[in-house]
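Okay, structure first, notes after.
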Amino acid sequence: MFFEKLYNKNKDHLFSFIRRSVQDESTALDLLQDTFLNFFKHYSGKELPDEQVSRMILFRISRNLMINHGKSYYQKNVALVGEETSSLFGSKGQGPESQVLDEMEAQNLGKIVSELLNTLPEEQKTAIELRYTQGCKLEEIASVLDLSVSGVSRLLERAEKQLLQEGKKKGLQPSSFLKS
């Protein structure tokens with residue numbers, strides 16, 4: 001019963017986390033299945049950790065599986081922003097032309113953000129995604145990355161600074177896309 005509850009509560013978040021990194025839905029589903037299988041194999045017949053610890057273990061397993069997948073297939077172009085980007089930037093225009101322009105702008109911004117994220121080391125990319133797309137707390141990220149909370153905080157600061165520098169090199173003005 002706990003396994004079923006754990007699966008139902010975490011499958012969507014984990015799938016989103018994996019899908020943004022591998023960009024292929026069938027591969028993401030395979031990695032999601034492998035994540036839960038690895039967890040279940042390891043904890044069958046053992047005392048289970050509480051729900052929050054289990055969630056962080058699942059994210060760590062999925063992160064490791066994604067790294068292994070990337071290494072085995074030499075996939076270096078990891079994108080963290082997918083097709084769902086356009087829904088984040090809902091259409092503000094009145095006519096179909098405005099909607100098309102809004103969607104094109106959102107796709108372009110998503111592509112730029114993806115390119116910027118690709119400049120980061122794997123650990124920084126993972127931390128940024130967990131923090132800003134999954135909404136994880138520093139303690140949760142620390143658990144997934146096996147770092148201290150202060151280490152995660154410094155890691156995020158370095159990643160954010162590097163993203164801003166790379167964005168400026170590409171001609172982006174942070175004020176144009178960051179909330180104040």
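Reckoned from all heavy atoms, side chains included, excluding hydrogens, waters and symmetry mates. Remember, predicted model here, so these are calculated numbers, not experimental data.
With sequence neighbours excluded, the residues satisfying ring pair (Phe, Tyr, Trp, His ring centres under 6.0 Å) with F36 are Y7, F40. Every residue two or more places apart in sequence or in another chain that forms a side-chain contact (heavy atoms from CB on, under 4.5 Å) with N38 is listed here: I61, L65. Under the rule for a salt bridge (Lys or Arg N to Asp or Glu O under 4.0 Å), the partners of E166 that lie at least two apart in sequence or sit in another chain are K169. For Y132, there are no ring pair (Phe, Tyr, Trp, His ring centres under 6.0 Å) partners two or more places apart in sequence or in a different chain. Here N8 pairs with E4, K11 under the side-chain contact (heavy atoms from CB on, under 4.5 Å) rule; sequence neighbours left out. For K9, the salt bridge (Lys or Arg N to Asp or Glu O under 4.0 Å) test picks out E51, with sequence neighbours left out. Residues that satisfy the side-chain hydrogen bond (donor to acceptor under 3.5 Å, both in side chains) test with S26, not counting sequence neighbours, are D24. Applying the side-chain hydrogen bond (donor to acceptor under 3.5 Å, both in side chains) test to D34 and every residue at least two apart in sequence or in another chain returns nothing. With sequence neighbours left out, S150 forms a side-chain contact (heavy atoms from CB on, under 4.5 Å) with S148, R154. For D50, the side-chain contact (heavy atoms from CB on, under 4.5 Å) criterion is met by Q52, V53, not counting sequence neighbours. R131 is linked by a side-chain hydrogen bond (donor to acceptor under 3.5 Å, both in side chains) to nothing, counting only residues two or more places apart in sequence or in another chain.
To the nearest 0.5 angstrom, R63 atom CZ is 10.5 Å from N68 atom CG. Atom CD of Q124 is separated from atom CG of L155 by 5.0 Å, given to the nearest 0.5 angstrom. Going from atom OG1 of T126 over to atom CD1 of I141 covers 10.0 Å, rounded to the nearest 0.5 Å. A distance of 10.0 Å separates CG of L117 from CD of Q162, quoted to the nearest 0.5 Å. The CZ atom of F17 lies 15.0 Å from the CG atom of D12; values are rounded to the nearest 0.5 Å.
L147 is listed as a side-chain neighbour of E123, based on a closest heavy-atom distance under 4.5 Å. Side-chain contact between Y43 and S54: absent, with no pair of heavy atoms (C-beta onward) separated by less than 4.5 Å. Inter-residue side-chain proximity for S21 and H69 is flagged as unmet; no heavy-atom pair is nearer than 4.5 Å. No side-chain heavy atom of R55 sits less than 4.5 Å from a side-chain heavy atom of L14. In this structure the side chain of N118 reaches within 4.5 angstrom of the side chain of K125, judged on heavy atoms. Within the 4.5 Å cutoff, side-chain heavy atoms of I128 are placed close to those of E160. Residues L31 and F15 have side chains not in contact (no heavy-atom distance under 4.5 Å, counting atoms from C-beta outward).
Remark: side-chain polar atoms of S16 are not paired, donor with acceptor, to backbone N or O of H13 under 3.5 angstrom. With E140 contributing its side chain and K137 its backbone, the two residues share a donor-acceptor pair below 3.5 Å. A side-chain donor-acceptor contact under 3.5 Å links S62 to the backbone of F59.
Counting all heavy atoms, side chain and backbone alike, E129 lies closest to T133 at O-OG1, 2.5 Å. Pairing each heavy atom of I18 with each of M66, the nearest pair is CA-SD, 3.6 Å. The heavy-atom pair separating L145 from A127 by the smallest distance is CD1-CB, 3.8 Å.
L37 and L58 are assigned to two separate hydrophobic clusters, defined by single-linkage of ILVMFWY side chains at heavy-atom distances under 4.5 Å.
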